[in-house]
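First comes the structure, then the notes that go with it.
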Amino acid sequence: MTNKLRLAIVGAGPAGIYAADILLKTEKKFDVSIDLFEQLPAPYGLVRYGVAPDHPRIKGIITALKDVLDTGDIRLFGNVYFGRDITLDDLKQHYHAVIFSTGAIRDAALDIPGIDLPGSYGAADFVSWYDGHPDFPREWPLTATSAAVIGNGNVALDVARILAKRADDLLPTEIPANVYEGLGVSPITDVHVFGRRGPMQVKFTPLELRELGELNDVDMVVYEEDFDYDDASKLAIETNKQVMVIDKIFRKWRDEPQTGASRRLHLHFFAGPVEVLGTDAVEGFRYERTAPDGEGGVRGTGELREVAVQSVYRAVGYFGSPVDGIPFDERRGVIPNREGQVLDDNDEQLNGVYATGWIKRGPVGLIGHTKSDAMETVRHLVNDQASWWSPTHPSEQAVTDLLASRGVQFTNLDGWHNLDTHELGLGEAVGRTRVKVVARDEMVEISTGDLPSA
Ligand SMILES: Cc1cc2nc3c(=O)[nH]c(=O)nc-3n(C[C@H](O)[C@H](O)[C@H](O)COP(=O)(O)OP(=O)(O)OC[C@H]3O[C@@H](n4cnc5c(N)ncnc54)[C@H](O)[C@@H]3O)c2cc1C
């Protein structure tokens, strides 16, 4: 049995980085050498490209992730796309095992008429735009005066908040220059958020809800008809501290007079999505009024309502993407697995192949949850030593040579430090903490030292 584990991890989001960290700290009978492959020239996944720019405390988790990468025990191969630049067969020749931590970046579908009309967007695409993801268009058509956001989770609130917020109030954050300019010319006056269930059944958290009420020049609008609580809601307020706080926040808004702000953020509950209206582009949103079903859920009432909007954002969840050559559960959008051990079509364990994070569990949960995911996966990986692969080229140089021979322009940890320093420098020059570089070729050029730093 080998006394060394050469491990590949695919995906340098929090799940992949935590898995590396936990493995390095785990008591084990073998040495570990880890190569982390990331399709972007920058690590940190959705912490960099999902978490809202005006949430600096959460973005700050990057500092802890950076410390892990900087321990010196992990090699980062950035700008390397698994399935194109490197394959499962390659990994089997160079490593004893692989952990996939490829996360999720696309929107779950919402199957209602009109959802594909111009002006109807997925929240994930908008998030990728405002967080400066290099694989998404640089331009975003912010021409609507009224927008609908479908969903009642924290991502829906992120989208609504960024749409309603003044661009100048986002300037102290790391938003890229094109995003500041785009938001700066938005004529929006009204953002309507729609949830199918009641205000006491929302999925968002109190902190994110309260924040909406603190936006400059934005009035919160809630509708009294939504607050006629049923017994299940009353019980939830009495027994669940989070729901109690949410109720308190709503009470404040229900009591407060409008200030005449130039933008309004409306929260509509008991509103099930029915149709995006319009012929050539979005002109409105139709929803059905729902009512409590007495069991904590809701039922349709048949009463249809419409609101005139020129854009619709569906924030109904993220969805994982298949990974080349690896089984995929099309229904759940995850790699099928048992506690992180990847399973084939017959539910048999695939030797040497593991999963962690959102691609293992599905796209729900906070960054912290990916740590417990990683612990479980790493425990199995360590215990499965007898079934690891037997690589023919296990040297560290061999994989570098392979990528170079294919002409892959990969970046490394030093390259990320170059890019990081460059972005911080861009920020410092204009009195901001950071300004993100968005274009992939520019990110690679700065990483590899082909451009002068700021
Ligand atoms: C809009 C939004 C806001 C959020 N806000 C918060 C918040 O405020 N607080 C909080 O705790 N959590 C928040 N989360 C949740 C948090 O981002 C996730 O829990 C976490 O990022 C999941 O980690 P992960 O590593 O599994 O996936 P990801 O973060 O998605 O990382 C996956 C990585 O794999 C890479 N990858 C994918 N495919 C390939 C491939 N083929 N080859 C190479 N690399 C690949 C991707 O580029 C990415 O870097 C938010 C999520 C979203 C979507």
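Below, each value reflects all heavy atoms present in this structure, side chains not excepted, and no hydrogens, waters or symmetry copies. When a ligand or atom number is given, it counts from 1 through the structure's own listing order. Remember, predicted model here, so these are calculated numbers, not experimental data.
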How close do Leu88 and Phe100 get, heavy atom to heavy atom, and via which atoms? CD1-CZ, 4.4 Å
Distance under 4.0 Å to a non-hydrogen atom of Val10: what atoms of ligand 1 satisfy this? 42 (N), 43 (C)
Under the salt bridge (charged side-chain N to carboxylate O under 4.0 Å, His left out) test, which residues partner Lys252, sequence neighbours left out? Glu256
Provide the number and element of each atom of ligand 1 under 4.0 Å from a heavy atom of Ala104. 30 (O)
Atom 31 (O) of ligand 1: the protein heavy-atom neighbour that sits closest, reported with distance to 0.1 Å: Gly13 CA, 3.5 Å
Anything under 30° is parallel, anything over 60° is perpendicular, the rest tilted; go ahead and classify Tyr49 against His133. tilted
Numbered atoms and elements of ligand 1 in range of Gly357, under 4.0 angstrom, heavy atoms: 26 (O)
Selected option - heavy-atom contact closest to atom 4 (C) of ligand 1, from Ile9, Val51, Val323: Val51
Per-residue contact class, Ser101 against ligand 1 - non-hydrogen pairs under 4.0 Å: backbone
Identify, by atom number and element, the atoms of ligand 1 in contact range of Asp158, meaning under 4.0 Å from any of its heavy atoms. 3 (C)
In the structure I gave you, are the side-chain heavy atoms of Arg406 and Leu402 within less than 4.5 Å of one another anywhere? yes
Cation-pi check, Lys360 to Tyr354: give yes when NZ or CZ is under 6.0 Å from the six-membered ring centre and within 45° of the ring axis, no otherwise. no
If you measure from each non-hydrogen atom of Ile58 to ligand 1, which part falls under 4.0 Å: side chain, backbone, both or neither? side chain
Which residue holds the protein heavy atom closest to atom 53 (C) of ligand 1, what is that atom called, and what is the gap in Å? Tyr318 CZ, 3.2 Å
Please tabulate, one pair per line, all N/O donor-acceptor pairs under 3.5 Å involving side-chain atoms of residues 30-48, not counting sequence neighbours.
from	atom 1	to	atom 2	distance (Å)
Ser33	OG	Arg6	NH1	2.7
Ser33	OG	Glu396	OE2	3.0
Asp35	OD1	Arg75	NE	2.8
Asp35	OD1	Arg75	NH2	3.4
Asp35	OD2	Arg6	NH1	3.4
Asp35	OD2	Arg6	NH2	3.2
Asp35	OD2	Arg75	NH2	2.8
Asp35	OD2	Tyr95	OH	2.6
Glu38	OE1	Ala12	N	2.8
Glu38	OE2	Leu40	N	2.9
Gln39	OE1	Arg440	NH2	2.9
Gln39	NE2	Asp135	OD2	3.4
Tyr44	OH	Trp416	NE1	3.3
Arg48	NH1	Glu423	OE1	3.0
Arg48	NH2	Glu423	OE2	2.8

Would you mind telling me if ligand 1 is within reach of the side chain of Tyr49, the backbone, both or neither, using heavy atoms under 4.0 Å? neither
For atom 43 (C) of ligand 1, the option (of Arg57, His369, Gln39, His55) bearing the nearest heavy atom: Gln39
Looking only at protein heavy atoms, which one is nearest to atom 27 (O) of ligand 1, and how far off is it? Gly103 CA, 3.3 Å
Is the contact between Val80 and ligand 1 made by the side chain, the backbone, both, or neither, using heavy atoms and a 4.0 Å cut-off? backbone
Between Ser321 and ligand 1, find which residue part has any heavy-atom pair under 4.0 Å and reply side chain, backbone, both or neither. neither
Look up atom CG in Asn152 and atom CD1 in Ile150, then write down how far apart they are to the nearest 0.5 Å. 11.0 Å
For the aromatic rings, using the six-membered ring if either is Trp, is the centroid distance between Phe285 and Tyr313 under 6.0 Å? no
Atom 11 (O) of ligand 1 [closest protein heavy-atom partner, distance rounded to 0.1 Å]: Ile367 N, 3.0 Å
Sub-6.0 Å ring centroid separation between Phe126 and Tyr121: no
On a heavy-atom basis, the closest approach of Val193 and Leu265 is CG2-CD2, 3.9 Å
Can you tell me which portion of Thr370 lies within the under-4.0 Å heavy-atom range of ligand 1? Options are side chain, backbone, both, or neither. side chain
Check each heavy atom of Asn154 against ligand 1 and say whether those closer than 4.0 Å belong to the side chain, the backbone, both or neither. neither
Just checking, any donor-acceptor pair under 3.5 angstrom between side chains of Asp90 and Thr87? yes
Distance to 0.1 Å, residue and atom name: give those for the protein heavy atom nearest to atom 51 (C) of ligand 1. Trp358 CH2, 3.7 Å
Counting non-hydrogen protein atoms only, what is the nearest one to atom 52 (C) of ligand 1? Give residue, atom name and distance. Val155 CG2, 4.1 Å
Contact atoms of ligand 1, heavy-atom distance to Gly45 under 4.0 Å: 29 (O), 31 (O), 48 (C), 49 (O)
Atom 1 (C) of ligand 1 - nearest protein heavy atom and its distance: Gly50 O, 3.3 Å
Heavy atom under 4.0 Å from ligand 1: found in Leu366's side chain, backbone, both, or neither? both
Which residue and atom name correspond to the protein heavy atom nearest atom 42 (N) of ligand 1, and how close is it? Phe82 N, 3.0 Å
Ligand 1 atoms in contact with Gly11 (distance to a heavy atom under 4.0 Å): 33 (C), 34 (O), 35 (C)
Walk me through it: do Tyr130 and Phe136 pass the test ring pair (Phe, Tyr, Trp, His ring centres under 6.0 Å)? CA-CA 10 Å; Tyr130 69 60; Phe136 289 77; over 10 Å; no
State whether a side-chain donor-acceptor pair under 3.5 Å links Arg106 with Ser321. yes
